[in-house]
Amino acid sequence: MANIDKGLFTYPNDTPVVYLECEKAFLALESSEKRYAHHLSKASYYGGLIVLAQTSPESPLIFNLIHQIFSKKTVEEVRDIALNKAGFIEEEFQAFMVYVCGFYTNMGNYKGFGDSKFIPNLPQEKLEALVNALTSSITESNNILELWSLVKDSMFSLDQRKQFLGLGEMGVTTYFSSNCTLKDAEFVNRFFKVRGIEGYNNRCFKHMKNGATTYEIRVASIAPRDNSEPDVFEGASFTMTGGDYSSLLELVNAELEQAKTSASNETEVHMVEKYIESFATGSLDAHKDGSRFWIKNKGPIIETYVGFIETYRDPSGVRGEFEGFVAVVNKPMSAKFSVLVEKAETLLKLLPWDQVLEKDTFLRPDFTSLDVVSFAGSGIPAGINIPNYDEIRQNEGFKNVSLGNVIPASYKDAKMPFVSSEDKALMDKYRVESFEVQVGLHELLGHGSGKLLRREKGELNFDEAAVKNILQAGEELKYYEEGETYDSVFTTIGSAYEECRAECVGLYLSLDKDVLRIFGHEGDEAEDVIYTNWLSMVFAGVAKALEMYAPATNAWLQAHSQARYAILQVMLEADGLLRIEERTGEDGNPDLLIKLERSKIPTEGKRVIGDFLRKLQVFKATANVKGAKALFDKYTEVKEPWSKWRDIVLARRTPRKLFVQANTEISGEDIILRNYEASPSGLIKSWTDRFAGKEASLYKALTDIYNKDKDQFKF
């Protein structure tokens, strides 16, 4: 413990808290639309609590502890007790407040962006003194003391295995029981492939008895599943059970039933009905059908999606974290994205791969800019391209959304180390605009581009001779067999690899003047937006990415960060495009300076990113995970001088912003929006109000999940 830099595992007291503005968009809604948004928001937030159980064994109980404290006492009352009865100083109480805010924002005690644990930035005995002091002034306080006794050690533990999320000795995960290793995960994936099972909505628990191994595949559902005859596979038994997160999913479905009555059309009704069926029964096919209705629901005023979606945090890369959002369409920005969609087929032809590797037909998606009303999960992204189901994306379509109010909130009062004053001025002026361009291209033409070569119903969906003709040295003609998906083949590298591909598409196409014209940028301003976009990518690769790298395990902790570091290394190979200089900062401490040569971006920059992008697409299209891993490992290996420069990056790191979100409430016949101040106390109050009247049922649901699972996790 003495050698651990606790600063890497705590939130600093000055962590910025910003408000996610949505009032203007919400107030413009009709009464029925507000009611639809309200019930969908409640469903999302109830489901979002599942993330606690998907993060760490102790997270459900930590939530119960802190939520009970601030439900029974106001922030000011807790502060008064901390300062006057528990021996706190102001800085320690602020540290506790920031910890609570970080916990709520990440839905657990591991960061949603980076997967590293965070602990309260104050001594454990001080927090224990506060808990003891609180219990003397709170009726029915025995539960708080019991919760504290159960979580205090795990809350503060920084044992090596508990520092990061991971599988086996690499870290903590609740997607698998603690006796599972990567070898077990690969074995389970092999069983899934043969049996045609996908892992989005299940977890895996390994049971050993009398020398026999049984893998329990537990599906998220309200209904328990009949534990039928075990399925024997390669000497091990598999059983399918249900009922995971059942009590929380009951709350989700109750709100979805209410939302259904305010849906604006039959497509939305069918979509919600399928979500309800999926959560009730555990049927992934039902969720896929709901997703089909979702992509058919073109141009809705209220946009929403809910379920087990992104696989970033499953160490094996196939299980989805619960996520739900509700947002209102921003019509002016959506109009720009609509033009981008109209020109998509033309722009796709500019990408640096042969058309045989592109989809036969581009299925034009709905692409909207949204103002988020509610987002539940482990973090709020800037853009989304979903559904993630391969067969739907490839053959039926998808949707792109840019979360328009998230982008300016994320960049508000941003600190930018490692850039010159001139570059910082450009970043301050154009960073939001350039990121809107990057997100649009990343989501629509990054994630939305490219064909997967596969065998379908005994037939190949591509011309073998044509593909052979475009392959280069070191590239093989491979394809996805029936039952294989991108996630099942690329597993652990899949998320980061795909984010890298999409980011490269954004950079590459941002050089096109027609694209910039769509977003209203021409002439010198367009050149500044291009430069800012490329500089922002370099900045992310230098200033942010290495925070998400763990030298002790040689592991990347966040997909986007790994992707951006790879792109940084590719740019450094270009002739005269980019230099990173080590220097002494104005404070006398080691510093770095980014020097990006603007004139080289459309020539050398385009060349190296184009060459790299082509390789990424060839390996993805041909299911060549071996070639993909060799390429990706080359550019994401952290070696000198970067291993040394990581210390400089960490010394000058700035914390990510924590978002305060509004709540919707029923007031008579109306739905009102309750806003909160952008402060730790405002953020905590928003979470106290969010579940008002439902505390007892939520605490019981989370306690039941903890008790059911605790024997599976012996970290």
Side-chain angles (χ1 to χ4, degrees), residues 5 7-8 12 14-16 111 113-114 116 410-411 413-431 434-435 438 496 500 503-504 507 528 530-552 554-558 560-601 604-605 608-609 612 634-657:
D5 179 1
L8 299 178
D14 61 351
T15 298
K111 292 180 180 178
F113 196 92
S116 62
S410 299
Y411 288 154
D413 302 323
K415 296 179 181 178
M416 285 175 276
F418 314 136
V419 298
S420 67
S421 57
E422 294 83 4
D423 281 346
K424 185 180 185 304
L426 274 176
M427 296 269 274
D428 287 339
K429 187 173 182 179
Y430 291 114
R431 198 176 182 196
S434 70
F435 194 59
Q438 179 69 13
C500 188
E503 290 283 45
C504 286
L507 287 176
D528 286 341
I530 291 172
Y531 179 74
T532 303
N533 190 39
W534 282 63
L535 179 62
S536 295
M537 186 63 67
V538 175
F539 175 77
V542 175
K544 297 296 182 182
L546 286 172
E547 289 184 43
M548 306 300 166
Y549 174 73
N554 192 32
W556 284 94
L557 308 172
Q558 211 287 324
H560 297 81
S561 295
Q562 185 177 5
R564 290 160 186 163
Y565 182 81
I567 293 169
L568 167 68
Q569 299 306 313
V570 170
M571 288 192 195
L572 285 166
E573 289 185 345
D575 183 20
L577 174 68
L578 176 66
R579 298 198 320 275
I580 310 298
E581 295 181 356
E582 185 173 352
R583 63 174 185 167
T584 301
E586 294 180 358
D587 58 1
N589 293 318
D591 203 352
L592 301 173
L593 180 64
I594 296 168
K595 289 191 173 182
L596 178 65
E597 177 52 55
R598 180 190 288 244
S599 66
K600 293 281 188 174
I601 292 174
E604 275 296 294
V608 294
I609 291 298
F612 182 56
K634 172 186 174 182
Y635 287 106
T636 59
E637 180 185 3
V638 178
K639 52 189 177 183
E640 293 299 345
W642 292 98
S643 52
K644 179 184 71 171
W645 286 352
R646 180 176 178 272
D647 294 335
I648 299 175
V649 170
L650 294 180
R652 297 187 180 277
R653 68 189 183 278
T654 56
R656 290 175 64 83
K657 293 178 173 64

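Numbers here are sequence positions counted from 1.
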How far apart are the closest heavy atoms of [X] and [Y], and which atoms are they?
X	Y	result
A496	A563	O-CB, 3.6 Å
F113	S561	CE2-OG, 3.5 Å
S536	S434	OG-OG, 4.2 Å
F418	V542	CD1-CG1, 4.0 Å
V570	V608	CG1-O, 3.7 Å
D575	E604	N-OE1, 2.9 Å

N533 and Y430: side-chain donor and acceptor closer than 3.5 Å?
-> no
Quick one: [atom1] on [X] to [atom2] on [Y], what's the gap to the nearest 0.5 Å?
X	Y	atom1	atom2	answer
M571	L577	CE	CG	6.5 Å
L596	R579	CG	CZ	10.5 Å
Y531	I601	OH	CD1	7.0 Å
C500	H560	SG	NE2	11.0 Å
K544	R656	NZ	CZ	7.5 Å
M537	I567	CE	CD1	4.5 Å

With R646 as the cation and Y549 as the aromatic partner, state whether NZ or CZ is under 6.0 Å from the six-membered ring centre and within 45° of the axis.
->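 No, R646 does not lie over the aromatic ring of Y549.
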Output, in order, the C-alpha distance, side-chain angles, deciding distance and verdict of side-chain contact (heavy atoms from CB on, under 4.5 Å) for D591 and E586.
-> CA-CA 9 Å; D591 203 352; E586 294 180 358; over 6 Å; no
side-chain contact (heavy atoms from CB on, under 4.5 Å) evaluation trace for M416 with L535 = CA-CA 12 Å; M416 285 175 276; L535 179 62; over 6 Å; no
Taking C-beta and beyond as the side chain, do [X] and [Y] meet within less than 4.5 Å on heavy atoms?
X	Y	answer
I648	E582	yes
L568	L578	yes
W556	L546	yes
I580	L593	no
Y635	E573	yes
V538	W534	no
R431	F539	yes

Under 3.5 Å, is there a donor-acceptor pair between the side chain of K657 and the main chain of S410?
->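 Yes, because the side chain of K657 sits within donor-acceptor range (under 3.5 Å) of the backbone of S410.
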Short side-chain to backbone donor-acceptor contact, E547 and V649, under 3.5 Å =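 Pair absent, no side-chain N/O of E547 close to backbone of V649.
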Please assess R652 against N589 for the test side-chain contact (heavy atoms from CB on, under 4.5 Å), listing each intermediate value before the final yes or no.
-> CA-CA 10 Å; R652 297 187 180 277; N589 293 318; 3.6 Å; yes
When you look at E503 and Q438, which way does the side-chain contact (heavy atoms from CB on, under 4.5 Å) test go after all the steps?
-> CA-CA 8 Å; E503 290 283 45; Q438 179 69 13; 2.9 Å; yes
Are E581 and R583 ion-paired here, with the side-chain N under 4.0 Å from a carboxylate O?
->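 Looking at E581 and R583, the cut-off is not met.
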Is K595 salt-bridged to D423, cutoff N-O under 4.0 Å?
-> no
